[in-house]
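Let me begin by presenting the structure, written as structure tokens, before commenting on it.
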Amino acid sequence: MAQESVFPEEFGYHFSNGNFERIYRQTVQDFQLQMGVDAFREAAAEFGRDAGSFNLKHSNQLEPGIKRYQWVNAGDDRMITVAYNSEGEIIGIQFDVYERFTSDREVTINTYRLPFEGEWFVLWGGNDAFLNYHYPYEHQRYAYDFIRKVDGAAHGGDEEMLEAYHAFGASIVAPRGGEVVKVVDDIEDNMPHYPNMSVPEGNHIIISHGYNEYSLLAHLRKHSITVKEGDTVETGERIAQCGNSGASDTPHLHFHVMDGRDPYTSKSIRIQFSPSGEPRQGDRVWGRSGQ
């Protein structure tokens, strides 16, 4: 039986060689209930047609017991994301376009610090759709989602309780000095796993930093914002708490910089961080205390 296994490091070889049924046999029951073997074989063959060989580009572990792998073809235009559980079973396979954008070469004029204190974890972030689900969308291409973990877990206790999440209530600070141009502070925090899609940003702050650069800090805790529109803030000043408002299923901070004050008509800009380097998904990062 062992010789029939599709090990994570060998997935690209088996896919490139059309061993689709062998791959399918290693998927979990939930996957198979959603897609039969014939449908999977047809979808895989269509996606892999004229693609050439697939090579491993990234792998990471965002939660205990699950590891994700990114396979990209030789032409750099197709991507397969595969998730394995700790038993070696495949729990998910996604076929997608592998996109790159010329805006990757542009960075903010200003430098920014991480908008929190202490140790956090990069849940989504980087200039790649595998690392950052925001990446295909111009208005939030270089956005980050940050959470806090303790002993590898985002919560301690009942995961249905907001207070169990280590990020909930944590201090959020200004990533750079500037003028507060928008504040929303009255959106209820969602219960875990019940995002409010009608107000995607939830409670949020937008700060103007000059040079047509505006930072957005979103999903903040209701009534935790300590600044108002027109206020001037300093780098590192505490301005809110992390919450779970808006399009957020569990407590986290969404942060990006854009070239205008409207989150939907503005373009996201790749952030130049200082003194830390540019983080990406899976990194542990530390926000310094004070300014």
Can you list, pair by pair, the side-chain donor-acceptor contacts under 3.5 Å of residues 46-54, counting residues two or more places apart and other chains?
unit_1: E46; atom_1: OE1; unit_2: R49; atom_2: NH1; d: 2.3

[X] versus [Y]: any side-chain heavy-atom pair under 4.5 Å?
X    : Y    : answer
P251 : I147 : no
L253 : F116 : yes
F101 : E138 : no
S276 : W286 : no
N190 : D249 : no
P263 : Q140 : no
F31  : I91  : no
I269 : E106 : no

Could you state the interatomic distance from [atom1] ([X]) to [atom2] ([Y]), rounded to the nearest 0.5 Å?
X    : Y    : atom1 : atom2 : result
W71  : T81  : CH2   : OG1   : 12.0 Å
I80  : L56  : CD1   : CG    : 11.5 Å
Y98  : N73  : OH    : CG    : 10.0 Å
N203 : N244 : CG    : CG    : 10.5 Å
R25  : F40  : CZ    : CZ    : 11.5 Å
H155 : F168 : NE2   : CZ    : 15.0 Å

Should we count [atom1] of [X] as having more than 12 external heavy atoms under 6.0 Å?
X    : atom1 : answer
D151 : CG    : no
K182 : NZ    : no
E160 : CD    : yes
Q29  : CD    : no

Distance under 6.0 Å and angle within 45° of the ring axis: does R284 meet both against F121?
->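 Not satisfied by the 6.0 Å and 45° rule.
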
Between D38 and R41, is the closest basic N to carboxylate O distance under 4.0 Å?
-> yes

Do [X] side-chain atoms and [Y] backbone N/O form a donor-acceptor pair below 3.5 Å?
X    : Y    : result
D145 : W124 : no
E229 : V183 : yes
R22  : E4   : yes
Q241 : S224 : no
T108 : I271 : no
E188 : K222 : no
S245 : R221 : no
T111 : Q272 : no
D96  : M79  : no
D185 : H223 : yes

Under a 3.5 Å threshold, yes or no: a donor from one side chain and an acceptor from the other, between [X] and [Y]?
X    : Y    : result
Y144 : N132 : no
T27  : Q32  : yes
D128 : Q70  : yes

side-chain hydrogen bond (donor to acceptor under 3.5 Å, both in side chains) test vs N60 passes for just one of Q281, R280, K67, namely Q281

Would E213 and R176 count as a side chain to side chain contact (heavy atoms under 4.5 Å, CB included) if you check the C-alpha gap in whole Å, the side-chain angles of each, and the deciding distance to 0.1 Å?
-> CA-CA 11 Å; E213 293 181 3; R176 184 179 176 87; over 6 Å; no

Qualifying residue for ring pair (Phe, Tyr, Trp, His ring centres under 6.0 Å) with H134, from H254, H139, H256 | H254

Assert yes or no for the condition that the ring centre distance of F11 to Y69 is strictly below 6.0 Å.
-> no

Under 3.5 Å, sequence neighbours excluded: what are the donor-acceptor pairs made by side chains of residues 194-202?
unit_1: N196; atom_1: OD1; unit_2: S198; atom_2: N; d: 3.2
unit_1: N196; atom_1: OD1; unit_2: S198; atom_2: OG; d: 2.6
unit_1: E201; atom_1: OE1; unit_2: Y264; atom_2: OH; d: 3.4
unit_1: E201; atom_1: OE2; unit_2: Y264; atom_2: OH; d: 2.4

In sequence, state the C-alpha distance, the side-chain angles, and the governing distance for D186 and V184, and then conclude on side chain to side chain contact (heavy atoms under 4.5 Å, CB included).
-> CA-CA 6 Å; D186 59 356; V184 173; 3.9 Å; yes

R270 and S103: CA distance, side-chain angles, deciding distance, side chain to side chain contact (heavy atoms under 4.5 Å, CB included) verdict = CA-CA 8 Å; R270 193 170 180 177; S103 57; over 6 Å; no

Could you tell me how the ring of F15 sits relative to the ring of F95: parallel (under 30°), tilted (30 to 60°) or perpendicular (over 60°)?
-> tilted

Could you walk me through whether L217 and I239 pass the side chain to side chain contact (heavy atoms under 4.5 Å, CB included) test, one step at a time?
-> CA-CA 10 Å; L217 302 118; I239 55 177; 4.2 Å; yes

